[in-house]
> 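What follows is a single structure, and I will ask about it in a moment.
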Amino acid sequence: MKVLNQQFQIKYHYPVHFTTSLFDPANRALAHFLMEVDTRPEQHLLVVADTGLWHAQPALEDTLINYFHALLPHYRLYFVQIPAGEEAKNNPIYLEEILRSIDRHGLDRHSLVIGIGGGAVLDLAGYAAAIAHRGIRHIRIPTTVLSQNDSGVGVKNGINFLGKKNFLGTFAPPLAVFNDISLLHTLSDRHWCSGIAEAIKVALIKDADFFHWLETHAEVLLNRDTSAMEQLIYRCAALHLAHIASGDPFESGSSRPLDFGHWSAHKLEQMTDFSLTHGEAVAIGMAIDVLYSGKAGWLDEDSVHRILRLLEKLQFSLYHPLLEEETLLEGLREFREHLGGELTIMLLRAIGTGDNTHTMDHHLIQQCIADLRETSDLHI
Ligand SMILES: NC(=O)c1ccc[n+]([C@@H]2O[C@H](COP(=O)([O-])OP(=O)(O)OC[C@H]3O[C@@H](n4cnc5c(N)ncnc54)[C@H](O)[C@@H]3O)[C@@H](O)[C@H]2O)c1
Ligand SMILES: [Zn+2]
């Protein structure tokens, strides 16, 4: 028998910029970056735009066109608008629309796709870019709290398929990410708060000081203090990036700490037909796993209360009637299948310290849900 052992390494590097007024010609961040990575005399760029953002900021398309006209006149811009929110990932017609646009405008692998919008549109845009011609370079411009602090800065993209979250997708790091805090001013209060769930998540598993910071800044964050949100996004994105770089960026193992609280969240999003936002579902999912950590004897009672208090202070509702349905527990199986290998769920040993378990007691989960129901009854 003969064996040829193939081996090579690929190094990834991408900058995540934190800036403001990204498309003001006085701000050269994007132009400088593109001039560094591109030397073509003529470049093709497809902008995949979030319709919700486009409606909220009607001048944005012209501002963007003017920016390129002033600083990068050799770019040919094309636009495709994608419906807001989870619809972008649920309906395969939008994937096709982007692919058709890529084809129609003759984009090649050295062209560029820029996704601009919330996490859903970015997940779709990144996926389309990753599969067209086996990978067109893509840049992300996230415009929600959640996409700036979490989904937009990582290496994953994807769409929902067969009724399952992120069933189709790839690990495809972006060429760069540009987080512009000023783009958030039109975000609804609901989505402003919703994105904070991911910051609480990463604080709980990685950074007790950050959790404390969130406790002390909950009020100003609720009141839409831009400077506090800027700090939150930077710190949360940094924790996500550090984790991704720390050993298993393409998740070949079975453990996925950044998905703390997500096994039930993903299921609940589907069960509610996406009437809950991702962040709202994650808040509920974390509440379940925090209570579970307490009941399993891993996490002290005081910490359990602190965490639930913070979630409530940020106006997350921690109960949903569909939690009572058996279907929720299918989330455990689907989570395992998505990761591959042994069921691995992150729980908490302390605030700032996660730890994996490989079994979840269904009866105990139901007790956690009963606790959440009772607390929500008290609030009514
Ligand atoms: N790829 C990853 O690693 C990863 C990680 C976490 C979450 N996600 C995914 O991210 C998605 C959720 O993202 P999201 O929370 O950003 O929600 P979203 O993409 O659904 O956007 C929320 C809403 O805000 C609107 N919007 C976006 N920017 C706006 C702005 N500046 N002003 C006004 N409205 C604006 C959108 O049109 C939409 O209606 C989910 O599909 C989730 O699965 C992916
Ligand atoms: Zn998430």
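Worth knowing before you read on, the calculation uses all heavy atoms, side chains too, and leaves out hydrogens, waters and symmetry mates. Numbering of residues begins at 1 and proceeds along the displayed sequence. Counting convention: from 1, in listed order, for ligands and their atoms alike.
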> Measuring from atom 29 (C) of ligand 1, which candidate in D123, L187, I116, V121 has the nearest non-hydrogen atom?
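The nearest heavy atom belongs to L187.
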> Knowing that exactly one of K206, R235, E198, K201 qualifies, which makes a side chain to side chain donor-acceptor pair (under 3.5 Å) with H240?
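With H240 as partner, side chain to side chain donor-acceptor pair (under 3.5 Å) holds for just one option, K201.
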> Is there a side-chain contact between I139 and L34 (heavy atoms, below 4.5 Å)?
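Answer yes - side chains close enough.
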> Is the closest heavy-atom distance from T277 to ligand 1 below 4.0 Å?
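Outside the 4.0 Å threshold, so no.
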> Taking non-hydrogen atoms only, is H191 closer than 4.0 angstrom to ligand 1 via side chain, backbone, both or neither?
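Only the side chain of H191 comes within reach of ligand 1.
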> Please state which part of H185 comes within less than 4.0 Å of ligand 1, counting heavy atoms only: side chain, backbone, both or neither.
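Looking at H185 and ligand 1, no heavy atom falls under 4.0 Å.
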> Which protein non-hydrogen atom lies closest to atom 28 (N) of ligand 1, naming both residue and atom, and how far is it?
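Heavy-atom neighbour on the protein nearest atom 28 (N) of ligand 1: T143 OG1, 2.7 Å.
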> Looking only at non-hydrogen atoms, find the nearest pair between P25 and L71 and report the distance.
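So the two residues come closest at O-CD1, 3.6 Å.
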> Below 30° counts as parallel, above 60° as perpendicular, anything between as tilted: where do the rings of Y75 and F68 land?
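Correct class here is tilted.
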> Looking only at heavy atoms, is any part of D150 under 4.0 Å from ligand 1, and if so is it the side chain, the backbone, or both, or is it neither?
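Within the 4.0 Å criterion, D150 contacts ligand 1 through side-chain atoms alone.
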> Can you tell which of P142, A120, S151, G118 gets a heavy atom nearest to atom 2 (C) of ligand 1?
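That would be S151.
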> Could you pull out the atom name of the N/O/S atom in E198 that is nearest the Zn ion (ligand 2)?
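Looking at E198, the N, O or S atom with the least distance to the Zn ion (ligand 2) is OE2.
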> To check your reading of the model: name the closest protein heavy atom to atom 20 (O) of ligand 1, its residue, and the distance in Å.
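The closest one turns out to be G85 CA, 3.2 Å.
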> Under the criterion side chain to side chain contact (heavy atoms under 4.5 Å, CB included), I'd like the reasoning laid out for V16 against F18: C-alpha separation, chi angles, the key distance, then a yes or no.
CA-CA 7 Å; V16 179; F18 297 85; 3.8 Å; yes
> Among L175, I136, V47, L107, which residue satisfies the side-chain contact (heavy atoms from CB on, under 4.5 Å) criterion with L112?
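So, applying the side-chain contact (heavy atoms from CB on, under 4.5 Å) to L112 and each of L175, I136, V47, L107, only L175 qualifies.
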> Nearest to atom 12 (C) of ligand 1 by heavy atom, I141, L146, D50: which?
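Result: the heavy atom closest to atom 12 (C) of ligand 1 is in L146.
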> Within the structure, does N157 bring an N/O atom to less than 3.5 angstrom of an N/O atom in ligand 1?
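Between N157 and ligand 1, no N or O pair is found under 3.5 Å apart.
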> Taking 4.0 angstrom as the limit and counting only heavy atoms of A84, give me the atoms of ligand 1 inside it, by number and element.
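Answer for ligand 1: 36 (C), 37 (O), 38 (C), 39 (O).
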> Would you mind checking if K165 and E86 are paired as a salt bridge, meaning a charged N to carboxylate O distance below 4.0 Å?
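Salt bridge present between E86 and K165.
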> Identify, by atom number and element, the atoms of ligand 1 in contact range of E86, meaning under 4.0 Å from any of its heavy atoms.
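So the answer, numbered in order with elements, is 40 (C), 41 (O).
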> Which residue owns the protein heavy atom closest to atom 16 (O) of ligand 1, what's the atom, and how far is it?
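Atom 16 (O) of ligand 1 sits closest to the protein heavy atom T144 OG1, 2.6 Å.
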> Do T51 and ligand 1 have an N or O pair less than 3.5 Å apart?
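T51 vs ligand 1: no N/O contact under 3.5 Å.
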> Over all heavy atoms of both residues, which pair between L347 and F260 is shortest? Give the atoms and the distance, please.
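Heavy atoms only, the tightest pair is CA-CE1, 4.2 Å.
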> Relative to the ring of F167, is the ring of F161 parallel (under 30°), tilted (30 to 60°) or perpendicular (over 60°)?
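The rings of F161 and F167 sit tilted, inter-plane angle from 30° to 60°.
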> Hey, does K165 sit under 4.0 Å from ligand 1 if you only count heavy atoms?
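Distance cut 4.0 Å: K165 passes for ligand 1.
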> With heavy atoms of G52 as the reference, note each atom of ligand 1 found under 4.0 Å away.
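Near G52, the atoms of ligand 1 are 37 (O).
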> Would you call R309 and E215 a salt bridge, taking side-chain N to carboxylate O under 4.0 Å as the test?
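E215 and R309: not salt-bridged.
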> Where is the nearest protein heavy atom to atom 33 (C) of ligand 1: which residue, which atom, and how far?
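That would be T186 O, 3.3 Å.
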> Do me a favour and list the nearest non-hydrogen protein atom to atom 14 (P) of ligand 1 with residue, atom name and distance?
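Here the closest protein heavy atom is G119 N, 3.6 Å.
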> If only atom types and distance count, is the side chain of R137 paired as donor or acceptor with the main-chain N or O of H110 below 3.5 Å?
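Yes, the answer is positive, given that a donor and an acceptor are paired below the 3.5 Å cut-off.
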> If you count the atoms of ligand 1 from 1 in the order shown, which ones are under 4.0 Å from a heavy atom of A56?
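The atoms of ligand 1 under 4.0 Å from a heavy atom of A56 are 33 (C).
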> Shortest non-hydrogen contact from L276 to R190?
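Shortest heavy-atom separation between L276 and R190 comes out as CA-NH2, 4.0 Å.
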> Can a donor-acceptor pair be found, under 3.5 Å and without considering hydrogens, that links the side chain of R109 to the backbone of H133?
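Side chain of R109 to backbone of H133: a pair is present.
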> Starting from atom 31 (N) of ligand 1, locate the nearest protein heavy atom and write down its residue, its atom name and how far away it is, to 0.1 Å.
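Nearest neighbour among protein heavy atoms for atom 31 (N) of ligand 1, to 0.1 Å: L183 O, 2.8 Å.
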